[in-house]
Amino acid sequence: MISRVHRFHGHGSLRFVYQHGQTVRGPLTTVKFVVNGRRQTYRLAVVVSKKISKSAVVRNRIRRRLYESVRQHEPELTQPYDIVITVFHEQLATLPPDELNRLVRAQLRQAGILAAKPAQSSTSHGKI
RNA sequence: UCAGAUUAUUGACUGAUCGCGUGCUUUAUCGUACGAGGAAAGUCCGGGCAGCGUAGGGAAAGAUAGUUGCUAACGGCAACCGGGGGCAACCCUAGGGAAAGUGCCACAGAAACAGUACCGCCCUGGUGUAAAAGCCGGAGUAAGGGUGAAAUGAGUGGGGUAAGAGCCCACAGUUCCAUGCGGUGACGCAUGGAGGUGGUAAACCCUAUCUGCUGCAAGGAGGUGGAUCCAACACAGGUUUCCCGCCUGGGUCCACCACAAAAUCCGCUUGAUUCCGAUGGCAACGUCGGAGCUAGAUAGAUGAUCAGUUAGAACAGAACCCGGCUUACGGAUAAUCUGACAUU
RNA sequence: CGCGGGGUAGAGCAGUGGCAGCUCGUGUGGCUCAUAACCACAAGGUCGCAGGUUCGAGUCCUGCCCCCGCUA
C-alpha cells in the first residue's frame, strides 16, 4: 500500500484529473495524469471496477500490486503529478511480477512522468 | 477389508530486504506493540443503539403455524410427539381448521359431489319363435367391466337376495365421542359407544400469536436576546394506507458571545465479550469463580521480491455492533455408530 | 444501507394450475431471365438452477445464481 501522503482525498480532485488530464492507453490499463501546481509531491489512485472481477479479494490484489509497482519508481517521481490508473482486465492479478513492472514502467515513460532514461532525467526536467 | 451415517477440528509455516494502518513513546524520525473470516459473503430473519411530539384504539396489510423448553429476541436452536424414506446407523417433514362460507378439479368418462345407469346383471309387459336369440318399453341394482390422479369412498370371508348392496354378521383397519391409565404437554395404550359426508387452504378464507416508522449517509459537535409578517374556540400541519383519537403555532431578518472549516471530530468499539475451571440440566442453555483486552480504516490499512520446508493448490477481504439462517469451500485429521463379506 | 423489475426458440416478446405460443430471423420448395418482395411447408425449447405443495407446475411456495434500474 502507498503512504497516505500520496493518496487522493475526496471526489473533487479526482474529477479534476478526469476532466483536464492527458490519457495514455496501454494493453491492460489507462493512465490519466495532470500536473498539480499546488502540491509538493505526487498523488496516485488506482480504479478497479466491479465489472473487472466480482471478487473483492481479486480487486484488492490488483490495486495493491499496482500501488507497489509505482512505489518502486518513487525516487524518479520528482514532479507533483496527479495520476489515475484505470484497470481493464483481470489478468493483472496473476501476471508475473517482472512483466507487471515492465508494463508500468513503459506506460509511465510514454506519459512523460518518468524520464526516458534515468541518466537524462536532468535534461527533461528542464523542459517542463 | 469394502460400502456408508453423524459430529467436530484445521483453514500452511520460517527467515531476509523494502513498504501500509492504529496506539504508545519520544521528538521532528527513529523505536516498539497489535493488525480480516469461518463464513468477514448473501442481506433472509431477530435484537441492541439512535432519531422521529405519540407510537393509544379499530380496520387494512404482512409474517408465523405439532408440543414443551432455551433465549434479549427470533421465522433460530434443543428435546419429544405424529407422518414419510432407508436392511441399518440415520435422514426428511409450512405438521391448525375442508361439518362457517365461496371457488377449482383439464382431457377422458354415463357421472367429478349436483345426485347419476354407458356396457353389464336381474325381474317383468309387448313383439317374435317349436323353444331361444333379437327388437320396443317398465322397474330394480353401484357387486363386475371400461375412463381417470381420484368414482360415492370400510378391506377380507360368510350370510342374504330375483339380481345386488354395511342390508346383516365375524375379523382387521379408520374417524369422532366418553371413561380409565401414563405423560407438564403434543400424544400413546386399553375399554365402551356412535358414524360411515372425495381432493385442494404453498386457492380465497377462518382461528391463534406477533409487527409504530426510519435507519450509523441514523444522530450530534450553537446558545442567548430582539424585531417584523401571517395565524390564533377557526384554519393549517403532523401522526408515512384509512377512520376515531391525540399532538403542535409557523416563516423571515438582526445583534451579542463562542467557533474558524466540514476534505474535520464524536458516534467507533469493554461487549447479551473471549478463554479456563467448577456446577445445574437428556440437551439447547443457565449460574458461580478466576484470568484477559483481541482491527477500527475513511478512495478505504496485511502487500512486493528472494530463499527454505512440503503432496501443499480451497472458498474468500471487517465498514455501527451482536444472535441466528442460507450459500461457497482443496486437502488432512479425530471421535462415535451401521451394514455386508472374510478369518479366529 | 434500503428497495424495485426481470430471466420462456437465434433476437424481441405473450402465456386464467391441464397439448408452450406470436412476430422477425433460419432452412427447403415455388414464383422470376436473376435478386428482393410474395406464396407453401418445416426445423428449432433442460421455460435461469435446486427442492417442495398438487393427480398434474412455465404458472403456487422456499432457498440459491445472474442481469437491469432506483433513493440517500
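Within every chain, numbering begins at 1; the chains are lettered A, B, ... in the order of the sequence lines, protein sequences first and strands thereafter. This one's a predicted model, so the numbers in the text were calculated from it and none came from an experiment.
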K.L.:
Let's go through A:V47 and A:I85 carefully: what are the C-alpha distance in whole Å and the side-chain angles of both, what is the deciding distance for side chain to side chain contact (heavy atoms under 4.5 Å, CB included) to 0.1 Å, and is it a yes or a no?
P.N.:
CA-CA 6 Å; A:V47 177; A:I85 301 178; over 6 Å; no
K.L.:
How about A:V24 and A:T30: do any of their side-chain heavy atoms sit closer than 4.5 Å?
P.N.:
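Not in contact.
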K.L.:
Does A:R63 have a side-chain nitrogen or oxygen under 4.0 Å from the phosphate oxygens OP1 or OP2 of B:A301?
P.N.:
yes
K.L.:
Hunt down the Watson-Crick or G-U wobble partner of B:A318, both distances under 3.5 Å, from any strand shown, or write none.
P.N.:
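The base-pairing partner of B:A318, which may sit in any strand shown, does not exist here.
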K.L.:
If I pick the C1' atom on C:G69 and the same atom on B:U252, what distance separates them, to the nearest angstrom?
P.N.:
42 Å
K.L.:
At less than 4.0 Å, is any side-chain N or O atom of A:R64 found next to OP1 or OP2 of B:U302? Yes or no.
P.N.:
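True: A:R64 side-chain N/O within range (under 4.0 Å) of B:U302 OP1/OP2.
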K.L.:
If I take atom CG in residue A:L100 and atom C1' in nucleotide B:G303, what distance separates them, rounded to the nearest angstrom?
P.N.:
12 Å
K.L.:
Roughly how many Å apart are B:A319 and B:A304, using the C1' atom of each and rounding to a whole number?
P.N.:
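These two C1' atoms come out 26 Å apart once rounded.
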K.L.:
Which one is paired to B:G286, where only Watson-Crick or G-U wobble pairs with both distances under 3.5 angstrom count?
P.N.:
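B:G286 is paired, partner B:U279.
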K.L.:
Which atom names give the shortest non-hydrogen contact between A:Q110 and A:R25, and what distance separates them?
P.N.:
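Closest approach of A:Q110 to A:R25, heavy atoms only: OE1-O, 4.5 Å.
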K.L.:
Mind checking the C1' distance from B:A178 to B:G195? Whole angstroms is fine.
P.N.:
15 Å
K.L.:
Does B:C306 pair with anything, Watson-Crick or G-U wobble, both distances under 3.5 Å, and if so, with which nucleotide?
P.N.:
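The base-pairing partner of B:C306, which may sit in any strand shown, is B:G15.
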K.L.:
Could you tell me whether B:G86 is syn or anti, where syn means a glycosidic angle within 90 degrees of zero?
P.N.:
anti
K.L.:
For B:C325 versus B:G75, give the span between their P atoms, rounded off to a whole number of Å.
P.N.:
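Their P atoms lie roughly 14 Å apart.
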K.L.:
Keeping A:Q107 on the side-chain end and A:T29 on the backbone end, is there a donor-acceptor pair under 3.5 Å?
P.N.:
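Yes, the answer is positive, given that a donor and an acceptor are paired below the 3.5 Å cut-off.
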K.L.:
Using whole Å, report how far CG of A:N60 lies from P of B:A318.
P.N.:
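So the CG-P distance, A:N60 to B:A318, works out to 9 Å.
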K.L.:
Does any nucleotide pair with C:G51 by Watson-Crick or G-U wobble geometry, both distances under 3.5 Å, and what is it?
P.N.:
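Partner of C:G51: C:C61.
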K.L.:
Measure CD/A:E68 against C1'/B:U302 and give the value in whole Å, please.
P.N.:
12 Å
K.L.:
Starting at CZ of A:R65 and ending at P of B:C20, how long is that distance when rounded to a whole Å?
P.N.:
20 Å
K.L.:
Can you tell me the pairing partner of B:U327 across any strand shown, Watson-Crick or G-U wobble, with both distances under 3.5 angstrom?
P.N.:
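Partner of B:U327: none found under 3.5 Å.
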K.L.:
For B:C171 and B:G84, measure between their C1' atoms and round to the nearest Å.
P.N.:
29 Å
K.L.:
In whole Å, measure the gap between the C1' atoms of C:U59 and B:G83 for me.
P.N.:
29 Å
K.L.:
Could you identify the nucleotide paired to B:U161, looking across every strand shown and requiring Watson-Crick or G-U wobble geometry with both distances under 3.5 Å?
P.N.:
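None - no nucleotide pairs with B:U161, as no candidate has both distances under 3.5 Å.
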K.L.:
Please work out whether B:A202 sits syn or anti, treating a glycosidic angle within 90° of 0 as syn.
P.N.:
anti
K.L.:
Should B:G38 be called syn or anti, with syn set as within 90° of 0?
P.N.:
syn
K.L.:
How close or far is atom P of B:A304 from atom CZ of A:R105, stated in whole angstroms?
P.N.:
18 Å
K.L.:
Before giving the answer on side chain to side chain contact (heavy atoms under 4.5 Å, CB included), spell out for A:R43 and A:Y81 the whole-Å C-alpha distance, their side-chain angles and the decisive distance to 0.1 Å.
P.N.:
CA-CA 6 Å; A:R43 288 194 295 183; A:Y81 280 105; over 6 Å; no
K.L.:
Taking atom P in both B:A98 and B:U175, compute the distance separating them and give it to the nearest angstrom.
P.N.:
13 Å
K.L.:
Roughly, in whole Å, what's the span from OH in A:Y67 to C1' in B:A299?
P.N.:
7 Å
K.L.:
Which nucleotide, if any, forms a Watson-Crick or G-U wobble pair with C:U23, using both distances under 3.5 Å?
P.N.:
C:A11
K.L.:
Please determine, for B:G137, whether a Watson-Crick or G-U wobble partner exists with both distances under 3.5 Å, and give it or none.
P.N.:
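Result: B:U124.
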K.L.:
Does A:R61 place a side-chain N or O at less than 4.0 Å from the phosphate oxygens OP1/OP2 of B:A304?
P.N.:
yes
K.L.:
Write down the atom of A:Y67, the atom of A:L44, and the distance for their closest heavy-atom approach.
P.N.:
CD2-CD2, 3.6 Å
K.L.:
Going by a 90° cut-off around 0, is B:G166 syn or anti?
P.N.:
syn
K.L.:
If the glycosidic angle is within 90 degrees of 0 it's syn, otherwise anti, so just tell me which one C:U53 is.
P.N.:
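In terms of base orientation relative to the sugar, C:U53 is anti.
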K.L.:
Tell me the closest heavy-atom pair linking A:S69 and A:N101, and the distance in Å.
P.N.:
OG-OD1, 2.9 Å
K.L.:
Starting from P on B:A263, measure out to CG on A:D82 and report it in whole angstrom.
P.N.:
18 Å
K.L.:
Between B:G238 and B:G250, how far apart are the C1' atoms? Round to whole Å, please.
P.N.:
13 Å
K.L.:
Toward the 5' end of RNA chain B, which comes first, A:A45 or A:N101, by nearest nucleotide?
P.N.:
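The answer here is A:A45.
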K.L.:
Measure CD1/A:I62 against P/B:G317 and give the value in whole Å, please.
P.N.:
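Rounded to whole Å, this separation is 13 Å.
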